[in-house]
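Basis for what follows: all heavy atoms, side chains included, without hydrogens, waters or symmetry-related copies. Keep in mind it's a predicted model, so treat the numbers as computed, not measured.
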Amino acid sequence: KPKSLTIGPGKTKSFTVTIKRTDALANSYAGGQLLWSDGTHAVRVPMVARPVLLAAPASVTGIGGPITYNVRFGYDGSFAATPRGLVPASTFAGDVSDDPTDSFQPLGPGTTSFAVSVPEGATYARFSLFDADVAPASDIDLYVYRGATLVGSSGSATSAEEVNLLNPTPGLYTVYVHGFGVPAGGAGFTLFHWLLPDADAGNLTVTAPTTASVGASGTISLTFDSALEPGRYLGSVVYAGTDGLPNPTIVRINKP
């Protein structure tokens, strides 16, 4: 809308396209085009759409208090949202020196490593570094291996790094902290990691709609046990009601 536009030279106008799913395969991309024509000139606008059964955020974060977020439905039927976790972080304290080559190699210069055992039933693993827990300020990076296979890495311009593994294969993992840019004398850090099981820990409550309707929105509210000790926690919200719903929304809580 509108179906026709009159645009002067050098001017712009906008229009709205509404796409309604009929028999398009859910969670798959479909392509088409919109054709504008005045009988002489033709302007083709390529379009790609991906119908989803539920639009939900990949992750949400809160500081001590409740979290509320919206979802949108692409199907009709029942709906449920249930919690996993929350679990507190496990930590390693370490030191790392500068790698003068600025080229990471396992067990190479400027690396410190830690072993983490991922158990059966783990639905999510997260490994994190935070600038606030690195002193002095440095640029250190993160690499995660399972055996000799690199399964995740994070290398920003600071020390704020994060590697996430969905449904990780059980086994022994090695986490490497690499000193890409570290002052003389080295830097101390705290490495955080979470292993999220397929279970409700009883400290996260989810309130959600019980029915879904195509095109409708719903609100999901998360509240937390006030008795949680101060720290960083990880959990998730799992969706059910039909096949093809997205992966759980990851929930991170910082309890002051």
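For the atom pair Leu5 CG and Ser14 OG, the distance stands at 8.0 Å (nearest 0.5 Å). For the atom pair CG (Leu234) and CZ (Arg252), the distance works out to 8.5 Å, reported to the nearest 0.5 Å.
Exactly one of Phe104, Phe180, Tyr176 qualifies for a ring-ring contact (aromatic ring centres under 6.0 Å, His included) with Tyr143. That residue is Phe104. Of the candidates Thr82, Thr249, Asn247, Thr249 is the only one forming a side chain to side chain donor-acceptor pair (under 3.5 Å) with Tyr239. Screening Leu142, Asp133, Thr91, Ile140 for a side-chain contact (heavy atoms from CB on, under 4.5 Å) with Leu191, the sole residue that qualifies is Leu142.
The six-membered or imidazole ring of His193 lies near that of Phe92, with a centre-to-centre distance under 6.0 Å. Taking the six-membered ring where the residue is Trp, the centroids of Trp36 and Phe15 are separated by under 6.0 Å.
For the pair Val144/Leu150, no side-chain contact is recorded, criterion being any heavy-atom separation below 4.5 Å from C-beta on. Using a 4.5 Å heavy-atom cutoff, the side chains of Leu222 and Leu204 are in contact. Two residues are said to be in side-chain contact when any heavy atoms from C-beta on lie closer than 4.5 Å; Val116 and Leu195 meet this criterion. Using a 4.5 Å cut-off on side-chain heavy atoms (C-beta onward), Ile67 and Ile253 make contact. Taking the side chain as every heavy atom from C-beta outward, Thr174 and Phe114 never approach each other to under 4.5 Å.
Between the Lys255 side chain and the Tyr233 main chain, no donor and acceptor come within less than 3.5 Å of each other.
Donor-acceptor pairing under 3.5 Å is lacking for the side chains of Ser217 and Asn70. Neither side chain, Thr123 nor Asp198, offers a donor N or O lying under 3.5 Å from an acceptor on the other.
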(request) Tell me, with the steps shown, if Tyr145 and Tyr173 meet ring pair (Phe, Tyr, Trp, His ring centres under 6.0 Å). (result) CA-CA 6 Å; Tyr145 279 73; Tyr173 289 69; over 10 Å; no

(request) Starting from the C-alpha separation in whole Å, work towards a yes-or-no answer on side chain to side chain donor-acceptor pair (under 3.5 Å) for Ser156 and Glu161. (result) CA-CA 7 Å; Ser156 71; Glu161 311 297 353; 2.9 Å; yes

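Within the cation-pi definition used here (under 6.0 Å to the ring centroid, within 45° of the axis), Arg232 qualifies as a partner of Phe130.
Looking at Glu162 and Arg126, a side-chain N of the basic residue comes within less than 4.0 Å of a carboxylate O on the acidic one, giving a salt bridge.
One hydrophobic cluster holds both Phe189 and Val182 under the rule that ILVMFWY side chains link at heavy-atom gaps under 4.5 Å.
No more than 12 heavy atoms of other residues, nucleotides or ligands shown are found within 6.0 angstrom of CZ on Arg72. Residue Glu229 places its CD atom among 12 or fewer non-hydrogen atoms of other residues, nucleotides or ligands, all under 6.0 Å distant.
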